[in-house]
Amino acid sequence: MKRINWTASAQALLNPLIAVLLGLLVGAIAIWAVGGSVITTYVEMWNGAFGSFYFTTSTLTRATPIILAALGVSLAFRAGFFNLGAEGQMIFGALAAAIAALYVPGPGIVKIISAMIAGMLAGGLWSALAGWLDTRFRMNLLITTLLLNYIAVLFAGYMVSFPLKEKAGSGGAQTAMIDNSAWLPKLFSGMTLHAGFIIAALATILLALFFRYTTKGYEIRMLGSNPLFAAFGGVRRGKLMLLSMMLSGALAGLAGTFEVLGTQYRYIDNMLSAPGYAWSAIMATLLASSNPIGAAFAAVLLAALQTGGMGVERNTEVPLEISSVIQASLILFVSARITISLIKRKKARAVDGSHS
Amino acid sequence: MLLQMKGITKRYGSLTANDAINFTLAEGEVHALIGENGAGKSTLMRILYGEEQPTEGHVFIAGQEHAFSSPSDAIRAGIGMVHQHFMLFPSFTVAENIVIGREPRAGMSFDRKAAAEQVKALSEKYGMPVDPWEKVADCPVGIQQRIEILKVLNQGAKIIIMDEPSGALTPLEVEWLLKAIKRLAKQGISFILISHKLHEVMDSSDRITVLRDGRVTGTVTAEETDAVKLSQLMVGRELVLTEKKRLEPGKNILEVRDVTLSGSKGGKPVLDRIGFTVRAGEIVGIAGVSGNGQSELLQVISGLRNTDTGQVLLDGQDVTGKTPGTFRDAGLAHIPEDRYMWGSAKEETVTDNAIMGHLRSFSRNGLLRKGQIKETVAQWIDAYKVKTGSLDTRGKHLSGGNMQKLIVAREMAHGTPFVIAAEPTRGVDIGAMETIHDALLKRREENGAILLVSSELTEILKLSDRILVLFEGRIAGELSAEEATEERISILMAGGTGVETN
């Protein structure tokens, strides 16, 4: 039994690896097309991502919000809900966390905990709203989560441009800086990596255990796998949908929270949209077929592509966009993988012997 | 011999699906091929139809060796296949469906009139009446099958493989089909009939070949055998039929009162004032041609669908309009009619599929009790002889019959006062059928109330204490086990009154 499990998980790893290799191949063609040296570029990319302790920890810093958001997206996807609203949920989480950290009185630890609670609640509720619209009014979740992103972006933009705008300082659209007692501790001095990464890693393991060992995790998996089967067995879709959307949004909210508490120390307009964390998270989830541990590794990989891309731009003539090319082709190959598994399934059905 | 298959062996890795099989077919002969799930029938036929290539062995047609690399090769050699699931274009006419691939032309364009005439001539020649201009979507299932046969004949088939031909038909349609097969055989067409239904096989075939575990266990003529001997050849042991004990039914467990479900767009109601009870210690059978309200009725009495009017009471509790969870808590176990739509999740493991609905007894404080689950599921698998690689095998890798056994095991394990058994033995082999029937009869003896919905009249007749017949959403009649015969049920199923006969 164990052996079967191992081969299965090896295969689950193999497919994304093939996608990654193909992505790098396409990237190589693109590099060659713009006249760069493929080997130098990839060496620089590796160096930019993992070339030194500093770069490695920077990559992990960048991966932290992607991991957390990807866990949220995985949870929703597993339940069968296409939550594309990670961006909005992150933004509301970050905004709420910044407000809590600024205005909750008391020592740093109180500020940090209230910011985390506020961030998770804000992200969770924003996500649950989309779930509620689906159960109550049958509004398509894919559309609502996507559109709620715009509301969140614009609302947060307004908040930091007017009511919450920093009074003194540069005049950018941002809140005041939070008290440094509420800053998340750095893991290594002089490096950007903060305690949020540890929590993200813990959350990854917890989510994997949640799916495997809890009744709610079981119900969520069944609901996503065959909703009619779940209904037949007495699983209540409406309740479970609200719960899984809430948890999904809370994880995204936590991602936003840690960006405020661990990296920027304030909410700055566009600080989450510009790096495209939410979309990287969705990509990571797709790459890993919604497996939490796989999604976390995929998140690190995507973060490495991005930090590596910056290294490429610093040290070669090849532009940063080469990373985007690789990412885009990754997604293409992931979808191709889905198609191939469909074809395989058809063949398997033809082969599995007499069924009459 | 028109067809000779000699020493056919087919291996998939370590699995031998066909092991040195010899099979012959004479001109104008009906030769049935029977066996349990996974005995190798389909593989053998796929080899004959060019969908698979044998690992070893030879195929001769009229003495000449053929090696088909695709179905079109087989069709060219005069072999036709009528699949269990019809392959027709519902929005096209009968004639268009029959002439497909060899359309008559007028210049550059398709000559519809010539096609219709050609089809008419064909249908007259073989005594299979169809209206060439009718849309296939408007044809009943029996006619659709006729169209399939005509299509194959039009392709010039001399040998027709029929895979489970009676699966979707009403008893009257089955009777017609078997007659038609015999008539065509007299006109020189040869048939290979794959079937689970021994009485049909005995009725229509000249010879019968039985497969077990990929080997031929016997080829016999219909005259020299009977159903008992055939099932022995299929299963490899004698089947013991559990006798149905006489029982005095107890209190009402399921009460359905005046349930009505309106149709779409103000059409005929799907369910029309349905009322009946199922008592403790009895099996009530529901017969009917599929599409007469059975599925909807099952959904209403399991909480998957709300009723427009009326009430459903389960063990004295009014559960009308409640969720499936409430129905289950009130005492329902449910073997669903569609095992993949409702009964399982293909992508999940055997274990995950087995514990649905059992979470309460398999968990503590929201955590699954893995050890207990593993032990119990292993017991079920053992008791129902579910063939699976492991408990972690995904549902999609189980054959349909084995998935069905797993679902029956799961639902019977609930030990509830009420059980819905919808098509409980669809697609399972004779051995498993025996196990499932025994389990249902045992539950009846333990004072369980069982509602059996089945398209197999033999199953209904064998198990039921009372039989209700559904026709167009109404209960067209009720028969006790004593007065029920296949004929009387068939007449009620077709909308007759049941009183006119005998």
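These values consider heavy atoms only, across backbone and side chains, with no hydrogens, waters or symmetry-generated copies. Per chain, numbering begins at 1; letters A, B, ... match sequence-line order.
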Apply side-chain contact (heavy atoms from CB on, under 4.5 Å) to residues Leu368(B) and Thr215(A) and explain how you reach the verdict. CA-CA 6 Å; Leu368(B) 296 171; Thr215(A) 51; 3.8 Å; yes

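Glu51(B) does not touch chain A: none of its heavy atoms, backbone or side chain, sits under 4.5 Å away. Interface remark: Arg410(B) contributes side-chain atoms only to the contact with chain A (heavy atom separation under 4.5 Å). At a 4.5 Å heavy-atom cutoff, the contact between Arg221(A) and chain B is made by backbone and side-chain atoms alike. For Asn18(B), no part lies under 4.5 angstrom from a heavy atom of chain A. Contacts of Leu211(B) with chain A are absent, with no heavy-atom separation under 4.5 Å from either backbone or side chain. Only the side chain of Leu304(B) comes within less than 4.5 Å of a heavy atom in chain A; its backbone stays farther off.
Taking chain A as the reference chain and counting heavy-atom pairs below 4.5 Å, the highest number among Ser302(B), Ser195(B), Pro336(B), Gly366(B) is found for Gly366(B). Put simply, of Ala345(B), Gly214(B), Gly357(B), Ser363(B), the one with the most heavy-atom pairs under 4.5 Å next to chain A is Ala345(B).
For Asp213(B), the CG atom is loosely surrounded, since the number of other residues' heavy atoms within 6.0 Å does not exceed 12. Heavy atoms of other residues, nucleotides or ligands lying less than 6.0 angstrom from NZ of Lys370(B) number more than 12. With a 6.0 Å radius and a threshold of 12 heavy atoms from other residues, nucleotides or ligands, Phe197(A) has its CZ atom above the threshold.
Among the residues in residues 324-333 of chain B, those with a non-hydrogen atom closer than 4.5 angstrom to a non-hydrogen atom of chain A are Pro324(B), Gly325(B), Arg328(B).
Listed for the Tyr218(A) side chain is a donor-acceptor partner under 3.5 Å among the backbone atoms of Met356(B).
To the nearest 0.5 Å, the span separating CE on Met222(A) from CD1 on Ile355(B) amounts to 7.0 Å.
In this structure, Ser244(A) has no side-chain hydrogen bond (donor to acceptor under 3.5 Å, both in side chains) partners at least two apart in sequence or on a different chain. Legend: residues meeting side-chain hydrogen bond (donor to acceptor under 3.5 Å, both in side chains) with Thr209(B), ordered by chain and number and at least two apart, are His31(B), Thr219(B).
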Show me the donor-acceptor pairs within less than 3.5 Å that the side chains of residues 223-232 of chain A make with the rest of the protein, sequence neighbours left out.
| residue | atom | partner | partner atom | Å |
| --- | --- | --- | --- | --- |
| Ser225(A) | OG | Glu348(B) | OE2 | 2.9 |
| Asn226(A) | OD1 | Leu228(A) | N | 3.1 |
| Asn226(A) | OD1 | Phe229(A) | N | 3.3 |
| Asn226(A) | ND2 | Tyr340(B) | O | 3.2 |
| Asn226(A) | ND2 | Met341(B) | O | 3.1 |
| Asn226(A) | ND2 | Ser344(B) | O | 2.7 |

